[in-house]
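Reading through the structure tokens given below for one structure.
Throughout, a chain's letter reflects where its sequence line sits, starting with A, and its residues are numbered from 1.
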Amino acid sequence: MWYFAWILGVLLACSFGIINAMWLDAEEEQRADD
Amino acid sequence: MFDYETLRLVWWLLVGVLLIGFAIADGMDLGTAMMIPVLGKTDTERRVIINTIGPHWDGNQVWLITAGGAIFAAWPLVYATAFSGFYWAMLLVLFALFFRPVGFEYRSKKDSVAWRRNWDYALAVGSFVPSLVFGVAFGNLFLGVPFYFDEFTRPIYTGSFWALLNPFAIVCGLASVVMLALQGATWLQMRAGGEVQGRAQTMATLLGPVLTVLLAVAGAWLYYGIPGYEISSTVVGDAPSNPLSKTVTTTDNWFGNYTDYPILWTLVAASVALPLLTSLMAKAGKSGFAFTLSSLAIAAIILMTGFTLFPFVMPSSTDLASALTLWDATSSELTLEIMFWVALFFVPIILGYTLWGYYKMWRRIEPEFIEQNSVSNY
Amino acid sequence: MISESVVELSRWQFAITAMYHFLFVPLTLGLSFLLAIMESVYVMTGKQIYRDMTKFWGKLFGINFALGVTTGLTMEFQFGTNWAYYSHYVGDVFGAPLAIEGLVAFFLESTMIGLFFFGWDRLSKVQHLAVTWLVALGSNFSALWILIANGWMQNPVGAYFNFETMRMEMDSFAEVLLNPVAQVKFVHTVSAGYVTGAIFVLAVSSYFMLRNRDIPFARRSFAIASAFGLASAISVIVLGDESGYEVGEVQKVKLAAIEAEWDTHPAPAAFTVVGLPNEETMTTDYALKIPGALGLIATRSLDEEVTGIKDLVAHAEDRIRNGIVAYGLLEKLRNGEDTPENRAAFSKVSVDLGYGLLLKRYTQAVVDATEEQIKLAARDTIPQVAPMFWTFRVMVGAGFTMLLLFVLAFYYTAKRKAYQTRWLQWFALLSLPLPWIASEMGWFVAEFGRQPWAIGEILPTYVATSHLTETDLWMSLAGFIGLYTLFLVIEIYLMVKYIRKGPSALQTGRYHFEQNTATQGA
């Protein structure tokens, strides 16, 4: 059932993108605090 | 749930609903955009006009696309015959429509007088031409279209593009243009600010009577001068879709349905009266009422057209039996049923979020607003 | 008799307008999700820069979207205008997903896109975010229904031929919906769209970095695109492989043409990496082969054979002979000999009716076809091998190059070195054309590989056209090419203009060209 795989896959890819951006931001903030 | 015959009737109504939806919603922005050079004198005024429909034209245009898709799914023979027979008319519509998405999106992306003026005209022509051609096409349906089917049901069109542009069809085309322009003018009166509002009011006041006159001319012409068609064999509502299994004869005129069902004259009365009432309301400055009445006028005019042709969808003038009717040009029972449920479920949802969109974007677009938000507006 | 040149020109017109349409679609599919990601981060963190990112990439999205809509209109019209017999013959099945696409997907996408652009000050933060997600979902649902329709052209399940109406009619909507070809094609196609969006953002961000402008803006865009793109690129390749497997199951001819498998070899078949397919001798010259690999990819087994072209032609010949019988019975049924015997006999052979119709290219009297004509029609069932072989390999090459780019981009982003690594930025910038090349090649493989059929093994392309003249076609083709060229020039001009300006185009006062010091923004 590939339609189902799509739902999971697209959620995963989007979360991956969101997390990567927030990780970058979190690290920059930490560096600014130091 | 329904039998085949009922489903066929329901789909005739649903196509009507989609066409009415198209003419009310997309008609509003077709009518608005065709008047850009007429009602807007300065760049800001033209942007006021464009931005009243900015958030909505794209969604509205889907009524046309969906109506096309629904005709493909529910009446494949009509889709095949009309689109290929009216080849150049359809391409003309298509080429004209091309200029709308690009026009709206690109017009204000460059600060140049010539660039913007060219896009303004492109938008106007791109909106005028489809409005005209749709009316011309409907006019030709009353006259009958020269086509027949070969032994394997391949539609063969024997007319020419230029034959479509006959006087009766042109009157219908003009009526269509004026009908949509009236819709656009009442919209602008309601949603545009500054000078544009007053000009739109004048336009809305003028166009109602013009539409009534055009409809009266077309109606009288149809009554006195144009023969109609009727099915002369017994109609079997649940037979397989094969247009060639019936016979058709010509009649004196298209008003047979009106003799059988005099109630239909109310549609004629509404089609003639509503444009006049629209103009009265516009003149009185009640733009909300004017827009509502104009929308009702559109619904009445399209219903009148449909009921006059009923049960024909596309009569043939050269091989009478090839005429496509709502009984013998449809999809299979299963397809009609599935599509019925899909439409029943999704049309209310579409109306819901469309109205939410209008509600959220509701405001009068003033020239100052355009100047202050130059970057984010069209 | 249908004129050969009308068929040729109709095919050219469809190919040109469809491929042109698909220049814009994949970017819409991918960029819409990237916008949703950016705005989600904005709503979660409240950082202004993510709002600006959504708006700036949204502007580029809009420039692209306008042409997507424009060229999509053509697709909706063109089945009727140029493929009237097709529309009649399969409208009962094929029309349904197209109509549903309008009702379910395109309405949503188009209504929400208006609110996306104009609703920033009219909607709450969360409402606007929801609108952005709905744009992405709408555009992807749109692709879903279109690919269900397209999947049915490749593998027409859930339908039967009705001789009374002279067309295909649906007997199972669920089968049409769950068509395995439609499923893998959908996921493969939308993932390719995500890759396109990600490469676009990656390349343009790299351009900003190379110019040393708006670095915080570019870095964040780059980070999002590299993660989203990496996940997508892996899925395109995995699903492309799955797609190959499905093709091997239902479209043996297409597979054989892609792989230039002239003969059926003992299992497992070797995979030809490169070589020069030769139609004359039916061999591949200078072939470089990996033993056993094709058998593994196409059948997922070591003992199943991959049928070669020569055997497929012989098989087609048998089916054409059956098709002649079907055609003869159909003529009887439609000409007053509608007897139970004829119906029963027809239902046995009606699956091969399409093969009988292949003969229409050579003779109107299908039942009296000569041996020579049958041989010609059987040979027609194989698409030209060389174009299939090469376009497929270009697509795969581009796909793996992009995967490599994403792996590197993700790695260097994680190491926080991406914005100092010049060669990586150049790699990303120069990769910009790759997703488009891969998409166009992919569609070529899918649709050229479907030939000679409009609907696989049901309706030959040759009989599917409208009754038009050569002049009609030349003129409309000229119209399309002229207008489309004009639009493309304008589109690229505006894209370049806005990319050059970068986020300064938003006129927020926070970016490069609006700073007096002119070094760095935000």
Side-chain angles (χ1 to χ4, degrees), chain B residues 54-59 61-62 65-66 68-70 72-74 76-77 79-84 87-88 90-91 93-95 97-98 100-102 104-106 109-110 151-157 240-242 331-332 334-335 338-339 342-343 346-347 350 353-354 357 360-361 375-377, chain C residues 62-63 65-67 69-70 73-74 76-77 79-82 84-85 87-88 91-93 95-96 98-104 106-108 110-111 113-115 117-120 122-123 162 164-167 169-171 173 334 466-468 472 476 479 483 487 490 494 497-498 505-507:
Chain B
H56 308 300
W57 67 268
D58 199 355
Q61 181 163 283
V62 185
I65 292 165
T66 303
F72 196 173
L77 270 175
Y79 177 78
T81 311
F83 279 53
S84 64
Y87 189 68
W88 279 105
M90 286 294 169
L91 286 190
V93 168
L94 185 61
F95 289 166
L97 287 175
F98 281 172
R100 284 165 42 89
V102 268
F104 286 122
E105 190 63 45
Y106 295 169
K109 287 212 155 41
K110 188 174 155 72
E151 54 175 328
F152 290 114
T153 329
R154 173 188 293 277
I156 295 169
Y157 178 76
S241 288
N242 178 7
S331 290
S332 64
L334 178 67
T335 302
I338 291 166
M339 292 307 300
V342 174
F346 279 97
V347 169
I350 292 165
Y353 61 68
T354 302
K360 281 289 173 184
M361 299 308 299
V375 181
S376 60
N377 277 313
Chain C
I63 295 171
F65 185 74
L67 273 187
V69 174
T70 301
L73 282 169
T74 305
E76 177 87 24
F77 276 58
F79 291 104
T81 52
N82 290 77
Y85 199 59
S87 302
H88 154 65
D92 195 74
V93 195
L98 287 200
I100 297 175
E101 187 260 348
L103 286 165
V104 175
F106 201 45
F107 253 120
L108 183 68
S110 300
T111 307
I113 211 140
L115 294 172
F117 286 117
F118 292 90
W120 284 104
R122 312 286 296 177
L123 302 170
N162 182 343
E164 287 177 295
T165 51
M166 195 59 215
R167 67 181 180 198
E169 293 188 355
M170 200 187 312
D171 62 7
F173 184 56
R334 287 185 64 84
S466 298
H467 186 80
L468 294 167
D472 286 331
S476 57
L483 287 171
F487 292 143
I490 295 169
L494 283 176
K497 179 182 157 178
Y498 275 84
L506 301 173
Q507 297 190 9

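In this structure, chain B has a heavy atom under 4.5 Å from the side chain of C:Leu483, while its backbone stays farther away. Contact of B:Met339 with chain C is made through the side chain alone, with heavy-atom distances under 4.5 Å. With a 4.5 angstrom heavy-atom cutoff, C:Leu494 touches chain B only via side-chain atoms. In this structure, chain B has heavy atoms under 4.5 Å from both the backbone and the side chain of C:Arg122. Both the backbone and the side chain of C:Leu108 come within contact range of chain B, with heavy atoms under 4.5 Å apart. Looking at C:Leu73, the atoms closer than 4.5 Å to chain B (heavy atoms on both sides) sit in the backbone and in the side chain alike. Looking at C:Phe65, the atoms closer than 4.5 Å to chain B (heavy atoms on both sides) all sit in the side chain, from C-beta outward. For C:Ile100, the parts lying under 4.5 angstrom from a heavy atom of chain B are both the backbone and the side chain. Of the atoms belonging to B:Leu334, it is side-chain heavy atoms, and not backbone ones, that fall under 4.5 Å from chain C.
Rounding to the nearest 0.5 Å gives a distance of 9.0 Å between OG of C:Ser87 and CZ of B:Phe83. We find the CG-OG1 distance between B:Leu77 and C:Thr165 to be 9.0 Å, quoted to the nearest 0.5 Å. Taking CG from B:Asp58 and CZ from C:Phe106, the interatomic distance works out to 6.0 Å, rounded to the nearest 0.5 Å. From B:Ile156, atom CD1 reaches atom CG of C:Leu468 across 11.0 Å, with rounding to the nearest 0.5 Å. Distance OG/B:Ser376 to CZ/C:Phe117: 11.5 Å, rounded to 0.5 Å. Note: C:His88 NE2 to B:Thr153 OG1 = 4.0 Å, rounded to the nearest 0.5 Å.
Contact check for C:Ser110 versus B:Gln61: no side-chain heavy atoms found under the 4.5 Å cut-off. A 4.5 Å side-chain heavy-atom check between C:Met170 and B:Ile338 finds at least one atom pair inside the cut-off. In this structure, the side chains of B:Trp88 and C:Asp472 come closer than 4.5 Å at one or more pairs of heavy atoms. Looking at heavy atoms from C-beta onward, C:Leu103 lies in side-chain contact with B:Val342 at the 4.5 angstrom threshold. You'll find the side chain of C:Val93 stays beyond 4.5 Å of the side chain of B:Thr335, heavy atoms only. C:Tyr498 is listed as a side-chain neighbour of B:Lys109, based on a closest heavy-atom distance under 4.5 Å. Side-chain contact between C:Leu123 and B:Lys360: present, with at least one pair of heavy atoms (C-beta onward) separated by less than 4.5 Å.
Across B:Tyr106, B:Tyr157, B:Phe346, B:Phe104, the residue that shares the most heavy-atom pairs under 4.5 angstrom with chain C is B:Tyr106. Counting heavy-atom pairs closer than 4.5 Å to chain C, the top-ranked of the candidates B:Asn242, B:Ile350, B:Leu91 is B:Ile350. Ranked by heavy-atom pairs shorter than 4.5 Å toward chain C, the options B:Glu105, B:Met90, B:Arg154 are led by B:Arg154. For the options C:Ala99, C:Ala505, C:Gly119, C:Gly102, heavy-atom pairs under 4.5 Å to chain B are most numerous at C:Ala99. For the options C:Gln507, C:Arg334, C:Arg167, C:Lys497, heavy-atom pairs under 4.5 Å to chain B are most numerous at C:Arg167. Put simply, of B:Val102, B:Asn377, B:Val93, the one with the most heavy-atom pairs under 4.5 Å next to chain C is B:Val102. When each of C:Thr81, C:Thr111, C:Thr74 is checked for heavy-atom pairs under 4.5 Å with chain B, C:Thr81 comes out on top. Across B:Pro76, B:Ser332, B:Pro155, the residue that shares the most heavy-atom pairs under 4.5 angstrom with chain C is B:Ser332. In terms of non-hydrogen atom pairs under 4.5 Å with chain C, the most contact-rich of B:Ala82, B:Ala343, B:Ala80 is B:Ala80.
The ring-ring contact (aromatic ring centres under 6.0 Å, His included) test applied to B:Phe95 returns B:Phe98, C:Phe480, not counting sequence neighbours.
Panel note: side chain B:Tyr79, backbone C:Gly80; a donor-acceptor pair is recorded below 3.5 Å. Put simply, the side chain of C:Tyr85 gets close to the backbone of B:Phe152: a donor and an acceptor are under 3.5 Å apart.
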